Amino acid sequence: MDQSNGTPNLNKVGLSRNDYRGTSSTLCQGCGHNGIAAQIVAACYEMNLLPEKVVKFSGIGCSSKSPTYFLGRSFSFNGLHGRMPSLALGALFADHTLKGIGLSGDGDSASIGLGQFKHLVRRNLPMVYIVENNGVYGLTKGQFSATADRGLSMKKQGTNPYTPVDIAMEALVSNATFVARSFAGDPHQVRELLKAAIAHNGIAVLDIISPCVTFGNHEESVHSYSYGKEHEEPLHEISFVPARDEITVEDFEEGTTRDVTLHDGSQVILKKLEKDYDPTNRWQALHMLEDAQENNWLVTGLIFVDPEAPTMFDWYNMPDMPLNRMTEKQLRPAPETLQKINSLMF
Amino acid sequence: MADQKQIINDFCITFSTVNGSGSATANTTLMRALFRMGIPVSGKNIFPSNIQGQPTWYTLRLSKKGYLARVEKDDIIVAMNPATLAREASFLTEGGVLLVPDDFKVSELRSDITVYAMPVKKIIHEAEVSASLRDYIANMVYVGVVSWLLGIDLDLIRVALDFHFKSKQKAVEINFNVVKAAFDWAKENLQKKDPYRVETMNGVDGYIMSDGNTAAALGSIYGGVQLAAWYPITPATNLAESLNEYLPELRKDPETGKDTAVVIQAEDELAAIGMAIGAGWGGLRAMTSTSGPGLSLMSEYIGLAYFAEVPVVIWDVQRVGPSTGMPTRTAQGDVTMANFISHGDTQMILLIPGSINECFEFGWRSFDIAERLQTPVIVLSDLDFGMNQWVTPRFEYPDVPMDRGKILWEVDLDEKIKEWKGKWGRYLDVDGDGIPYRTLPGNQDQRSGYFARGTSHDEYAHYSEAPETWERVFGRISKKFVTALRFLPKPVLIENPGAKIGIISSGSADPAVVEARDLLLAQGIKTDYLRIRSIPFADEIDQFLQCHEQVFVVEINRDGQLLQLLTIKFPDQANKMVKTAHMDGLPLTAKWIFEQITAKKEA
């Protein structure tokens, strides 16, 4: 990008990275969520999204505070604990041309909101659904969440006796059309997955392991930086190529890449590591997650995608004009129709 | 009994059947035929929370004076359920009429009544219908016998069947043939020994027949509903189902062929209200319909909508609570819950329709009020209105244009910001009426976006825990509920000059109050009547309380919930208000109200 004239870099819609920022974070220093917020800023900037075309949603918890820290110009609704999915669903029906970004956490989506989360997924409402997953309740100062590892010990809580909920697995068995997992300590991957999620026409679930530096960063925890750094097993290296951009695969050796074309024509280029993994095969995805669980791998990358599945909007006979732009003329049936109705009421 | 005085168009007939036997067709067919004769008639279904096998009763009350309330005794009973025969007999008035299939044993029942035995099995056998249909068709036998007994023209029965079966001729014929055979048998074999008859009159000109849930759905459609999210629950279910029935015809854009409203069956009431509130925030006319247990679940979300100032309409078709209570019986037991719903200090707008026609009117008007005030509106209907068939004046087209409230799209926002010299905040009270201006997602002006939240915020929607900010913003929200009085339906006042006794009531208690006032007047007791249609309470209510010595507050619950709210609002008048509350699952009767007032009146 051209910086010669001293003005900040502008993207294709004429905005600078600054136009995508929010207020400064009030979360703890080093919190994984801050890194994710920074990557959302980067992804939206690079995807040339107008902030006015994005709506943010969140529930309750540390994660759900973070919509304040990006896209300050966008409309946003910070709703109830575990009930963000229904709020987002209703709001996105108001204007189906908007891009929804939901920010949730493991308490919000895997405990109190597991039901709404799964029902949103099975309806395939087009939106990006990010779970900032740290295995712990931060705002209430350190209790186990439903994604905490079995056997993990915490000072006031003792030992966690329950098996964890796997967000990616729950999304998959609910027929999610885009499931990815990443690690907040891997900003490049987070950003590329976010861009693919934004381009996806359907529900895009991103389970991002995001260590809690204050209550949950125990070395033995899956949700810690040290564990993530040591155990992360990327399925592939990911590059996202927006629609209509020239695809250059110079970084990828012939025969070692796999392209997935999303609904809008953009592509995710997956560079093979050792495994031969097909992210369009739900069965293989489930199998891989089982394997990872057994081997204690933190597998990251694009786990599953079905770019052509019909969305919730496709099931309704929606007009092109956003519903919230309609006026009385379109919304109130004519007087004659009521005469007919009255005559039908026996 | 040729010399006996005839009783014309003024009696009550109850059909006792087994749930799931198809009696609804027979009963509504008779009701429709009577309606076509111009007779004011009300139909009440007393049914169990069961699909098949339990006893169920359907009562038709004919009243030439137009009284639509329930009465406590039946003049005629058609008893098709042997299990409840003895009980039916005890509900008959002195000298009443009992119709039974001819294989029922009735010899040990009361001696003062007239019994007609109907050869149900024989007629059905001769009707040549398939075995699977026999049970359903059996009820058509009593339609024929009752038609002969009362003098209902069979042509009207055919019109009613034609309507019911949407002109499917085969179904109409099968049913009508049985009706005709039963009618002919009765004419041939029975001798009329009772005084009950019907005659054509002009009592329902300009009226239609509808249930309240259908009326509410239609009203909502004319109010421009755009998103309805719901979860099945008796007795509210057929409100949403009626939306599904009528929307395709009424709300398909003629130019694009696209739908301008969506109905979503949610996974539970928590999600239903969440979707509706999301849509309301997004600028849609959004609603949900539920009953008490669902409203309990919606409590948290309604508090969010109150505080984030989101318009949404919630229909509560009340049933008997607490807990699962009696799901198929009627009550006005959610008044205080609805008024105080959700934690913290909250205020709600309540609308209480007092007729089927008003269910239609509040269907559209509720959206105007919700959008004008940017707050939830709870409409309190009940099972008696919601699920029973009523005669009601024709639905009237909205007499005012839609009020979308203070919404700013791009051009409006730009003009307003200039007018306000750059000072713009989502929660600023610019007009001094407590109602701020709102922008909607999709607005492309860079200054339009804001951060809605249930956490404490200032006038610019920024998070704030400053004590003075909380108090200022929260106080401003309260102001909206004073402004609200300008937009809410006023109470309906019916006066009788010189009356010292007042009656306050609301909702489906109205028909019984109207009739009770006439019973009281016949005893020389004059009353004035104020029917409340909305909360917060209008000033007229204060005046009404002030100018009466004693005011009976009539309602269908145990604790006198409307009275409780009136007492809080008008403590100086509390001593003159008399709790007149009753709930046993059945609609109120005029007789009960009459007895209460005559027993407790002081003057």
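Just so it is clear, the model here is predicted, and its values are computed rather than measured. A note on names: the letters A, B, ... follow the listed sequences, proteins ahead of strands, and every chain is numbered from 1.
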Write down the atom of [X], the atom of [Y], and the distance for their closest heavy-atom approach.
X	Y	answer
L270(B)	S86(A)	O-OG, 4.2 Å
W281(B)	A91(A)	CE3-CB, 3.8 Å
I264(B)	M312(A)	CD1-CE, 3.9 Å

- [ ] With rounding to the nearest 0.5 Å, note down the distance linking CG in N324(A) to CD in Q226(B).
- [x] 8.0 Å
Is there a donor-acceptor pair under 3.5 Å between the side chain of [X] and the backbone N or O of [Y]?
X	Y	answer
Y301(B)	R83(A)	yes
Q330(A)	D253(B)	no
N342(A)	R394(B)	no
N317(A)	G257(B)	yes
E328(A)	M402(B)	yes
Y316(A)	V263(B)	yes

Part of [X] within contact of chain A (heavy atom distance under 4.5 Å):
X	value
A308(B)	side chain
P401(B)	both
T214(B)	side chain
E396(B)	backbone
R404(B)	side chain

TODO: Step through the shown structure and confirm whether more than 12 heavy atoms of other residues, nucleotides or ligands are within 6.0 Å of OH on Y231(B).
DONE: no
Open item on the list: Could you check whether atom OH of Y427(B) has more than 12 heavy atoms from other residues, nucleotides or ligands sitting under 6.0 Å from it?
Closed with: yes
TODO: Identify which of L304(B), T256(B), D445(B) forms the greatest number of heavy-atom pairs closer than 4.5 Å to chain A.
DONE: L304(B)
Open item on the list: Counting C-beta onward and ignoring hydrogens, is there a side-chain heavy-atom pair between F77(A) and F451(B) closer than 4.5 Å?
Closed with: no
Open item on the list: Could you tell me if R332(A) sits above the aromatic ring of Y222(B), with its cationic atom closer than 6.0 Å to the ring centre and no more than 45 degrees from the axis?
Closed with: no
TODO: Determine, for Y450(B) and R73(A), whether the Lys NZ or Arg CZ falls below 6.0 Å from the six-membered ring centre while staying within 45 degrees of the axis.
DONE: no
